[in-house]
S.K.: 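Take a look at the following structure, please.
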Amino acid sequence: MTEINPQEQQTDRNLALELVRVTEAAALAASRWMGLGKKNEADGAAVEAMRKAFDAIGINGTVVIGEGEMDEAPMLYIGEKVGRGGPEMDIAVDPLEGTNLTAKGAANALTVIALAEKGNFLHAPDIYMQKIAVGPGLPAGVVDIDDAPAKNLRNLARAKRCDISDLVACILDRPRHEEMIARTREAGARINLISDGDVAGVIATTHPDAGIDIYMGTGGAPEGVLAAAALRCVGGQMQGRLMFEDDAQRARSVAMGIVDPNRVFSCADMARGEVMFAATGVTHGAMLRGVRRFGYGAITHSVVMRSKSGTVRYVEAHHNYATKAWAAA
């Protein structure tokens, strides 16, 4: 039996909580722009706060899922180094998942980080990915990305010992999903249509109170890696396949190390090894409450997960602006 090093275990736990501080900082900054119709300003505030918060984290981190390439996105770009030094880690990050949601004051905007040892995240290009995901505690292979919605829903209902009509599928409300939505309704399942935020949609399958049984549809590939990291931590299941619009996208994926462009990726393919995941609510949602601001501070609600322990912790933090000058800025 492999012995657990108590010091290493404590370091992992401390690092997981440090990640929460990073997502909290980004959420606090973005929340000042909630409902003001300025998604770029909200995103910029979250990015800047997240970068500053990373300076206190004891890692030598490299952003592998971020805001685009360096020449396209000068903030938290792919390849950017973060942290104040320590073990080499890869970072997957979405400083504000749901910029439109924040601008409109709509539900389920999050700030999100996942962390793994170097080389353990899929370097997904910024293209579409077909996805299907379910939460923990289900038989392996209960759903399959190549099966029709009706078959997946039948198998899921059987595994959950319920009727298909008891199931709720989360699907992005997009024209490309019209047939999937129709087939899901024909099968008898209910649907939660979301306007944005498919990371939140996927990880909602992990939370019993969120009321989401399955996520289906096509969204961003980088967001797919972030969601896979969360599901890895709790034993959920996810499959993803890159969707290419032209030969240039195929060539870019090969250059990023994806040899087989038709491959179906599992959670373990997208987020390998020991993984940590943290998210903080910006606006109220199914899993996390949004930032609640008041005269002298704010309250944040976050989740942190570790694949090593399989533990999910919810953190409600009360922030006092008198001791955090950056939060009041």
S.K.: Side chains of Arg313 and Thr311, heavy atoms from C-beta outward: is any pair under 4.5 Å?
M.R.: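 Yes. Closest side-chain heavy atoms under 4.5 Å.
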S.K.: What pairs with Asp146 under salt bridge (charged side-chain N to carboxylate O under 4.0 Å, His left out), at least two apart in sequence or on another chain?
M.R.: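 Scan of Asp146 (salt bridge (charged side-chain N to carboxylate O under 4.0 Å, His left out), adjacent residues dropped) gives Arg241.
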S.K.: Can you tell me how far apart CG (Asp90) and OG1 (Thr62) are? Round to the nearest 0.5 Å.
M.R.: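 Separation between the atoms: 6.0 Å.
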S.K.: Quick one: do the Thr218 and Lys131 side chains pair a donor with an acceptor below 3.5 Å?
M.R.: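 No, Lys131 and Thr218 have no side-chain donor paired with an acceptor closer than 3.5 Å.
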S.K.: What are the two closest non-hydrogen atoms of Gly285 and Ala107, and how far apart are they?
M.R.: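 Here Gly285 and Ala107 meet closest at CA-CB, 4.5 Å.
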S.K.: Contact between Tyr77 and Val63 at the side-chain level, heavy atoms closer than 4.5 Å - yes or no?
M.R.: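 Of all side-chain heavy-atom pairs linking Val63 with Tyr77, none is under 4.5 Å.
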S.K.: Look only at the side chain of Asn108 and the backbone of Ala286, and say whether a donor-acceptor pair between them is shorter than 3.5 Å.
M.R.: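 Yes; at least one donor-acceptor contact below 3.5 Å.
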S.K.: To the nearest 0.5 Å, what is the distance between CG (Leu96) and CD (Glu41)?
M.R.: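 Spacing of CG (Leu96) from CD (Glu41) equals 12.0 Å.
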S.K.: For the pair Arg263 and Ile258, evaluate side chain to side chain contact (heavy atoms under 4.5 Å, CB included) and give the outcome as yes or no after the intermediate values.
M.R.: CA-CA 9 Å; Arg263 179 177 174 181; Ile258 301 172; 5.7 Å; no
S.K.: Side-chain contact test, heavy atoms from C-beta onward, threshold under 4.5 Å: evaluate it for Cys170 versus Asn192 and give yes or no.
M.R.: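 Side chain of Cys170 against side chain of Asn192, heavy atoms only: contact under 4.5 Å found.
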S.K.: What distance do Arg232 atom CZ and Met270 atom CE have between them, rounded to the nearest 0.5 Å?
M.R.: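 Here the interatomic distance stands at 11.0 Å.
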S.K.: For Leu242 versus Ser253, what's the shortest heavy-atom pair and its separation?
M.R.: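 Minimum heavy-atom separation between Leu242 and Ser253: CD1-CB, 4.4 Å.
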S.K.: Does Asp269 use its side chain to pair, donor to acceptor, with the backbone of Ser266 at less than 3.5 Å?
M.R.: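 Yes; judged by distance alone, with no hydrogens or angles, the pair exists.
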S.K.: Measure the spacing between CG of Leu153 and CZ of Arg158 and express it to the nearest 0.5 Å.
M.R.: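 So the CG of Leu153 and the CZ of Arg158 are separated by 11.5 Å.
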S.K.: List the steps and the verdict of side chain to side chain contact (heavy atoms under 4.5 Å, CB included) for Met305 and Thr206.
M.R.: CA-CA 11 Å; Met305 312 176 186; Thr206 70; 4.3 Å; yes
S.K.: What verdict does the side chain to side chain contact (heavy atoms under 4.5 Å, CB included) test give for Val142 and Gln237, after you've listed the backbone C-alpha separation in whole Å, the side-chain angles of each residue and the deciding distance to 0.1 Å?
M.R.: CA-CA 9 Å; Val142 66; Gln237 299 177 47; 4.0 Å; yes
S.K.: Between Asn155 and Asp144, is a side chain to side chain contact (heavy atoms under 4.5 Å, CB included) present by the stated rule, with each step listed?
M.R.: CA-CA 10 Å; Asn155 290 340; Asp144 191 288; over 6 Å; no
S.K.: Please check if atom CE in Met34 has more than 12 non-hydrogen atoms from other residues, nucleotides or ligands closer than 6.0 Å.
M.R.: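 Check fails, neighbour count at 12 or below.
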S.K.: Going by heavy atoms in the side chains, are Met243 and Gln249 under 4.5 Å from each other?
M.R.: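 Met243 does not reach Gln249 side chain to side chain.
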S.K.: Determine whether Ile132 and Ile214 make a side-chain contact, defined as any pair of heavy atoms from C-beta on separated by less than 4.5 Å.
M.R.: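 Yes, their side chains come closer than 4.5 Å.
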S.K.: Can you measure from CD (Glu274) to OG (Ser307) and round to the nearest 0.5 angstrom?
M.R.: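 Output value for this atom pair is 4.5 Å.
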S.K.: Give a yes or no answer on whether the side chain of Asn60 reaches the backbone of Gly85 with a donor-acceptor pair at less than 3.5 Å.
M.R.: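 Here the side-chain-to-backbone pair does not exist.
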S.K.: Ignoring hydrogens and geometry, is there a side-chain-to-backbone donor-acceptor pair from Asn320 to Ala322 under 3.5 Å?
M.R.: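 Looks like yes, one N/O pair under 3.5 Å.
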S.K.: Any luck finding a side-chain donor-acceptor pair between His177 and Glu179 under 3.5 Å?
M.R.: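 Their side chains do not contain a donor-acceptor pair, so the 3.5 Å distance test is not met.
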S.K.: Nearest heavy-atom pair of Glu97 and Ala200: which atoms, and what distance?
M.R.: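 In terms of heavy atoms, the two residues are closest at OE1-N, 3.6 Å.
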S.K.: Quick one: are Ile91 and Val82 in side-chain contact, heavy atoms under 4.5 Å?
M.R.: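 Ile91 vs Val82: side chains touch.
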S.K.: For the residue pair Arg289 and Tyr314, would you count it as a cation-pi contact if the rule is NZ or CZ under 6.0 angstrom from the ring centre and within 45 degrees of the ring axis?
M.R.: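 The answer is no; the distance or angle limit is not met.
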S.K.: Can you tell me if Thr300 uses its side chain to pair, donor with acceptor, with the backbone of Val291 under 3.5 Å?
M.R.: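 Not a single qualifying donor-acceptor pair exists.
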S.K.: Out of curiosity, Ile181 CD1 to Asp173 CG, how far, rounded to the nearest 0.5 Å?
M.R.: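 Nearest 0.5 Å value for the CD1-CG distance: 5.5 Å.
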S.K.: Check the pair Asp196 / Arg174 against salt bridge (charged side-chain N to carboxylate O under 4.0 Å, His left out), numbers first and verdict last.
M.R.: CA-CA 10 Å; Asp196 293 281; Arg174 298 288 189 273; 3.3 Å; yes
S.K.: Is the shortest distance from a Lys or Arg side-chain nitrogen in Asp166 or Arg190 to a carboxylate oxygen in the other one below 4.0 Å?
M.R.: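 The answer is no: the pair does not qualify as a salt bridge.
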S.K.: When you measure from the side chain of Asp213 to the backbone of Val168, do you find a donor-acceptor pair of N or O atoms at a distance under 3.5 Å?
M.R.: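 It does hold such a pair.
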S.K.: Hey, is the main chain of Gly201 close enough, under 3.5 Å, to the side chain of Asp198 for a donor-acceptor pair?
M.R.: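 No, the answer is negative, given that no donor and acceptor are paired below the 3.5 Å cut-off.
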S.K.: With the threshold set at 4.0 Å, does a side-chain nitrogen-carboxylate oxygen contact exist between Glu316 and Arg292?
M.R.: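 Salt bridge present between Glu316 and Arg292.
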S.K.: Under the 3.5 angstrom rule, does the side chain of Arg272 hit a backbone N or O of Gly119 as a donor-acceptor pair?
M.R.: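 Checking the backbone N and O of Gly119 against the side chain of Arg272, a donor-acceptor pair under 3.5 Å is found.
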S.K.: With sequence neighbours left out, write down each residue that passes salt bridge (charged side-chain N to carboxylate O under 4.0 Å, His left out) with Glu186, or none if nothing qualifies.
M.R.: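 Arg183.
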S.K.: Examine distances only and state if a side-chain atom of His284 and a backbone atom of Gly290 form a donor-acceptor pair shorter than 3.5 Å.
M.R.: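 Confirmed, His284 side chain pairs with Gly290 backbone.
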S.K.: If you compare all heavy atoms of Gly281 against all heavy atoms of Leu110, which two are closest, and at what distance to 0.1 Å?
M.R.: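 Scanning both residues, the minimum pair turns out to be CA-CD2, 4.0 Å.
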S.K.: Do you know which two heavy atoms are closest between Val275 and Ala229, and how far apart they sit?
M.R.: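 Closest pair (atom of Val275, atom of Ala229, distance): CG1-CB, 3.7 Å.
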S.K.: Is a side-chain donor-acceptor pair under 3.5 Å present for Thr280 with Thr23?
M.R.: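 Yes, Thr280 and Thr23 have a side-chain donor paired with an acceptor closer than 3.5 Å.
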S.K.: More than 12 foreign heavy atoms under 6.0 Å from NZ of Lys38: is that the case here?
M.R.: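 No - once you tally the heavy atoms of other residues, nucleotides and ligands closer than 6.0 Å, there are 12 at most.
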S.K.: Transitively linked via ILVMFWY side-chain contacts under 4.5 Å: Leu226 with Phe121?
M.R.: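 Looking at the clustering, Phe121 is in a separate group from Leu226.
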S.K.: Might you point out which heavy atoms bring Gly295 and Tyr321 nearest each other, and give the distance in Å?
M.R.: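 What the structure gives for the nearest pair is O-CD1, 4.4 Å.
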S.K.: Side-chain contact, heavy-atom cut-off 4.5 Å: Glu117 with Glu88?
M.R.: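 Of all side-chain heavy-atom pairs linking Glu88 with Glu117, none is under 4.5 Å.
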S.K.: Quick one: does any side-chain atom of Gln239 pair with a main-chain N or O of Ile145 as donor and acceptor, under 3.5 Å?
M.R.: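 It does hold such a pair.
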S.K.: Taking atom OH of Tyr296 as the centre, does the number of heavy atoms from other residues, nucleotides or ligands within less than 6.0 Å exceed 12?
M.R.: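 Atom OH in Tyr296 is not crowded, with 12 or fewer foreign heavy atoms closer than 6.0 Å.
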S.K.: Please determine if Lys52 and Asp55 form a salt bridge, counting it only when a charged side-chain N lies under 4.0 Å from a carboxylate O.
M.R.: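 Salt bridge flag = no for Asp55 with Lys52.
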S.K.: So, are Arg154 and Asp147 salt-bridged, with charged N and O less than 4.0 Å apart?
M.R.: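 The answer is no: the pair does not qualify as a salt bridge.
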